[in-house]
Amino acid sequence: MNETEMGYMGVVIAVLGGAIRVGTPFLFVSLGECLTEKSGRINLGLEGNLIMGAMSGYGVAYLSGSAWLGVLVAGIAGMLLGLIHGLLCQQPRVNDIAVGIAMMLFGTGLAFYLGKAFIQPVAPRLPALALGSWSDSSVLRAALDINVLFIVGLILAPAMAWFFRNAKWGLIVRTVGESRDAALAMGLNVNRVRLYATMAGGFLAGVGGSFLSLYYPGSWNEGLSSGQGLMAVALVIFARWNPIYCLYASLVFGGAAALGPALQSVGITGGYYLFNAAPYVLTLAVMILTSSSKQRFAGMPGELSNR
Amino acid sequence: MSKDKINLSRRNLLKGITAAGAASVMGGFGMSTAWAAPKSVNMGFIYVGPRDDYGYNQSHFEGKSAVAKLDWVKAFDEENVPETIEVVKTMESMINLNGAQVLFPTSFGYFDPFILKTAAKYPQVMFLHCGGLWDASKHPKNVGSYFGYIDEPVYLSGVIAGHMSKTGKLGYIAAIPIPQVLRNINSFTLGARSVNPKITTHVVFTGGWSNPVKEAEAANSMADQGIDVLTCHVDSPKVVVQTAEKRGIMCCGYHTDQSVLAPKGFLTGAEWNWSKVYSDYAEMIKTGKTIPNLVRGGLKEGIVKSSPYGKVVTAKAKVHADKIRKQFMDGSMVVYKGPLKDNTGKIVIPAGKQHTQTDIALESMNWLVEGVIGTTKS
């Protein structure tokens, strides 16, 4: 294969590489949302966590010189936003959707406000594992530069599935999410479980944000997230509240986002708005094909549907 | 204006009084009336994005900072103002609270309807819009537009890229196919092909002015395709320039100087020089001169410039580009002259015909020149 003429093979590689590069933030946010929703609460505010995580991670990485410290702080920032969401939602007659929207605006606004000073500076980036070093092709090497965070997400998805199925804590989260009454009868503190689940979910979303600012595209600016956080929340429904499916869905969405630019760069230049809309068309199609007016989605936590 | 006495709202009353006041002071001539020299010149600047984005908004902020240094100028600005009714609120508060005499709403989408409507309401204030949209036959006299022929330094970037590219494939990451964007892509390509007629420019339209993830994906795909010089026309070139550097390919900047972001692969770039434009406007207002409705200029007028050459640029490339720069400066350089074909093979400028920079025909460009791989259709 000619090094300079990847042609259509290049599109395939770009989509595979894009699935990993663009899909990682989706993966973290959707896993976080999956955990929160399994406990019976919806946190629509994860877009705010994502942006706040991106900003704080970038800022801390720049100030401290350590990208990993940035990731940690991004997670903590997301966790704090989750804490606020959780505390607000456990007040009587508070709607979690409304709080989520408020938190999204709050997180975004706060990140823009605090992030002013970090638009210009260049922070250290997260390192990548050069899994493609065996290859002579610079194209393949670039596509196989895989960030550690993706690997973490790759392990986290089955781990979370196992957690829900087998671990005591996982069962508690599911019980609380499935039926408040059953959980109360078992003597579980419903609010506390949901608070922790929201905080843990917020942490993951914050880490997802740090991937955006510290690895790919790898800089902080106010247009950084073009709604990835919101998309990821929708992904959870798409993935039927199953962490493994969250992984697949994130990869599909990442790959679909890479399709438009990749096709244009090989000279297929028409209809790029259509290609850019591919992920959304896909979502709509799956939702329509699998919806039913008679029963709730399989896997949907019971507490989400009876309100 | 106030014949229907009873249902006069306070707003309309104020509007009427202001308009009448302005009309009596200015004799109804709008901008063409000379200003009584004011004590200080109050200038308001509005940006669609952040002030320090390494891009379009920063270029205007640098211009604002330059006039703000003059002690007889009061300059104020607001960033992140969307192209919605928000900008009307910002303009009105700058007029009513800061006493702005002249406003510079810099983003393309502010013009219609927001500037046009507000300008009709405040005839004593000048609204100078960055872009080429003002039309004497349609638009109010207190509106004007100013723009630079940035495709001149873009052409020079193309010349440098043409010398430096080894694969003969250049990449252009652009937001949306509007005439200004297409003109830059064409000038870049013509510049490169003046060096090597076999060169092609691949275009990716991202569909939006600020979409970092798509820009990074586009840059990566282009690097995968063997493209070895990238440039872009988006709000902030930071992501494109950084991604090119990471992939070990070369790049040309846009809007401002991005050389620090890509110490290895940065070649040169096309920059705005708004400080010159804004200082000139301030001077005109101070001395009471007539403000022209249209201000245009290129390298010769100092409205645009090139970024300093990067380390890798060869001496031969520099000499060639500097020679063409001289021709731009003395006005002998014409980029768009026939015969010129577009990339579908159609002749867009017939032999013997030429369009000089100021030619208004160039401002409705809707084609891509031969050698560009891309289409203007979405």
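FYI, side chains are in, hydrogens and waters are out, and symmetry mates aren't considered; it's all heavy atoms of this structure. Order of the sequence lines fixes the chain letters, A, B, ..., with proteins taken first and strands second; residue numbering starts at 1 for each chain.
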Between [atom1] of [X] and [atom2] of [Y], what distance do you get to the nearest 0.5 Å?
X: Lys246(B); Y: Asp145(A); atom1: NZ; atom2: CG; result: 7.5 Å
X: Met222(B); Y: Gln264(A); atom1: CE; atom2: CD; result: 8.0 Å
X: Glu222(A); Y: Ser236(B); atom1: CD; atom2: OG; result: 11.0 Å

Please flag which part of [X] lies under 4.5 Å from any non-hydrogen atom of chain A: side chain, backbone, both or neither.
X: Asn80(B); value: side chain
X: Lys238(B); value: side chain
X: Val203(B); value: backbone
X: Gln58(B); value: side chain
X: Asp52(B); value: both
X: Arg51(B); value: neither
X: Ile173(B); value: neither
X: Val213(B); value: both

Nearest non-hydrogen partners of [X] and [Y], listed with the distance:
X: Ala258(A); Y: Glu217(B); value: CB-OE1, 3.3 Å
X: Gly223(A); Y: Ser210(B); value: CA-OG, 4.0 Å
X: Pro217(A); Y: Ala216(B); value: CB-CB, 3.9 Å

Which bit of [X] comes within less than 4.5 Å of chain B, counting heavy atoms only: side chain, backbone, both or neither?
X: Ala257(A); answer: backbone
X: Leu263(A); answer: neither
X: Tyr216(A); answer: side chain
X: Arg21(A); answer: side chain

Do [X] and [Y] have side chains that get closer than 4.5 Å, going by heavy atoms?
X: His202(B); Y: Ser265(A); value: no
X: Thr206(B); Y: Pro261(A); value: no
X: Val11(A); Y: Asp224(B); value: no

For [X], does the [atom1] atom sit with more than 12 other heavy atoms under 6.0 Å from it, leaving out its own atoms?
X: Phe112(A); atom1: CZ; answer: yes
X: Phe238(A); atom1: CZ; answer: yes
X: Lys264(B); atom1: NZ; answer: no

